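Just so you know, these numbers use all the heavy atoms, side chains as well, and skip hydrogens, waters and symmetry mates. Source: prediction; values computed, not measured. Numbers restart at 1 for each chain; the letters A, B, ... are given by sequence-line order, proteins then strands.
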There are 2 protein chains.
Amino acid sequence: MRLTPDEMRMRFRERGLKMTPQRAAIYQALAGTVSHPTAEDLHRHVRRQHPMISPNTVYYTLGVLREAGLVHEVNYWHDRSRFDANITPHHHLVCLGCRSIQDLTDEALDRLSVSGRLKGGFEVTGHRVEFHGYCSTCCRAGRHLSRPDHRRHR
Amino acid sequence: MRLTPDEMRMRFRERGLKMTPQRAAIYQALAGTVSHPTAEDLHRHVRRQHPMISPNTVYYTLGVLREAGLVHEVNYWHDRSRFDANITPHHHLVCLGCRSIQDLTDEALDRLSVSGRLKGGFEVTGHRVEFHGYCSTCCRAGRHLSRPDHRRHR
DNA sequence: TCCTTGTTAGGATTGATTCCTATATAGCAC
DNA sequence: GTGCTATATAGGAATCAATCCTAACAAGGA
Ligand SMILES: [Mn+2]
Ligand SMILES: [Mn+2]
Ligand SMILES: [Zn+2]
Ligand SMILES: [Zn+2]
């Protein structure tokens, strides 16, 4: 969802982050989509308002936002990182056909835990469930009938 | 676990894969560990028996095994892919301290499903749960007390 | 308004992975 | 076993997302 300038200013301030036009644009762009874009996607989008912004600034800013806990990085595919401004607990539907990632909010999944102490001293701090399959678009295109394409896509 | 030559031969044959000493060594190495090694780890290991084996062969072979469904690729960290010869349904404990990945077998987690049709036509073919936290070694080292280090490690 | 410190742009660099290709060899048919 | 063909291997070159480096800049606090 779209953030007001004040809301954004507050989120940055309470984490001790400087506010700059580039940062605001990057964070706003990420908060305004549900598509889990790549750094390159964000650069392309933000460039419309800031034609001189460098890819480097996008990478650097995403790193800062990630370390501040304002964005999450998701790595379902090896080729490149994708980002998510939705930091509430949620899970993902990952399409094997088109590589899209959809949010899935499900209270029951949020409450999962490891059964017993079988985990041998591992201290759990969080978890995430990833469902793979085919999105409605790919189903319609018949891509769910063929074997998933495991080739790389650099 | 360790595979007999016959067992391995059979797994390759029934998927129409040629059997070569390099392939056998790579697959054996992967099947014989629970550590989810990288391609480079496997190359280093296999090189003891096949000093001339190239990294390229390891990458190529892992791709072939993956496409044949004999190994899985896991991408919890963006820096590099890690591989898994355990293709039975299971989940993972991912340590934020040392980046180790442990298997977690749990029947209840295997039975998860998406509640209702909220998923908007998404056809689920599988799922995996990833628990993050700190392994016993990292806990003892006190690494679970500091904030997780989100910096990259290229 | 001034200062300090973190940010930006852009160029160089890194490094895991992929591409290319000549040679070698597994698996199959005879 | 011999020969044939398709595929595998080695090694060198190339790719490209991401990081490093650095000089100029600009928030935000004093
Ligand atoms: Mn999400
Ligand atoms: Mn595993
Ligand atoms: Zn799709
Ligand atoms: Zn650990």
Task: Candidates D:dA18, C:dA9, C:dT17 - which lies nearest the side chain of A:S81 - done: D:dA18

Task: Euclidean distance, atom CZ of residue A:R23 to atom C1' of C:dA9 [Å, nearest integer] - done: 14 Å

TODO: Check the distance between C:dT17's P and B:L62's CG and give it to me in whole angstrom.
DONE: 10 Å

Task: Distance below 4.0 Å between B:Q22 side-chain N/O and D:dA10 OP1 or OP2 - done: yes

- [ ] Measure the acute angle between the ring planes of B:F12 and B:Y27, then classify it against the limits of 30° and 60° as parallel, tilted or perpendicular.
- [x] perpendicular

Task: Rounded interatomic separation in angstrom, taking CG from B:L42 and P from C:dA16 - done: 14 Å

Open item on the list: I'd like to check the ring pair (Phe, Tyr, Trp, His ring centres under 6.0 Å) partners of A:H72; sequence neighbours left out, ordered by chain and number.
Closed with: none

Task: Gap between atoms CD1 and C1', on B:I26 and D:dT9 respectively (whole Å) - done: 10 Å

- [ ] Can you sort out the partners of B:R111 under salt bridge (Lys or Arg N to Asp or Glu O under 4.0 Å), two or more places apart, ordered by chain and number?
- [x] B:E107

Open item on the list: Which nucleotide wins on minimum distance to the side chain of A:M52, given the candidates C:dT17, D:dG11, C:dG10?
Closed with: C:dG10

TODO: Do nucleotides 21-30 of chain C as a string where each nucleotide becomes B, S or -: B if the base has a protein heavy atom under 4.0 Å, S if just the sugar-phosphate does, - if no protein is that close.
DONE: -----BS---

Open item on the list: Just N and O in the side chain of A:Y59: are any of them under 4.0 Å from OP1 or OP2 of D:dT19?
Closed with: no

Task: Pair B:H45 + B:H43: ring centers closer than 6.0 Å - done: no

Open item on the list: Tell me the interatomic distance from A:H50, atom NE2, to C:dA9, atom C1', rounded to whole angstroms.
Closed with: 14 Å

Open item on the list: At 4.0 Å (heavy atoms only), tell me whether A:T61 reaches a base, stays on the sugar-phosphate, or touches nothing.
Closed with: sugar-phosphate

TODO: Please state how far atom CG in A:D41 lies from atom P in D:dA18, giving the value in whole angstrom units.
DONE: 11 Å

Task: Validation row: A:R128, A:V74 side chains within 4.5 angstrom (heavy atoms) - done: yes

Task: Length of the line joining A:H43:NE2 and C:dT8:P, which is rounded to integer Å - done: 12 Å

Open item on the list: Given C:dA16, D:dA18, C:dA9, identify the nucleotide with an atom nearest to the side chain of A:T57.
Closed with: C:dA9

Open item on the list: Measuring to OP1 and OP2 of C:dA16, would you say a side-chain N or O of A:H78 lies under 4.0 angstrom away?
Closed with: no

Open item on the list: Using ring centroids (six-membered ring only for Trp), state whether A:H36 and A:F83 fall under 6.0 Å.
Closed with: no

Task: Any side-chain donor near an acceptor of the partner, B:T4 and B:D6, under 3.5 Å - done: no

- [ ] Just call it for A:E40: base, sugar-phosphate, or nothing, with non-hydrogen atoms closer than 4.0 Å on any strand.
- [x] nothing

- [ ] Please state how far atom CZ in B:R80 lies from atom C1' in D:dA17, giving the value in whole angstrom units.
- [x] 15 Å

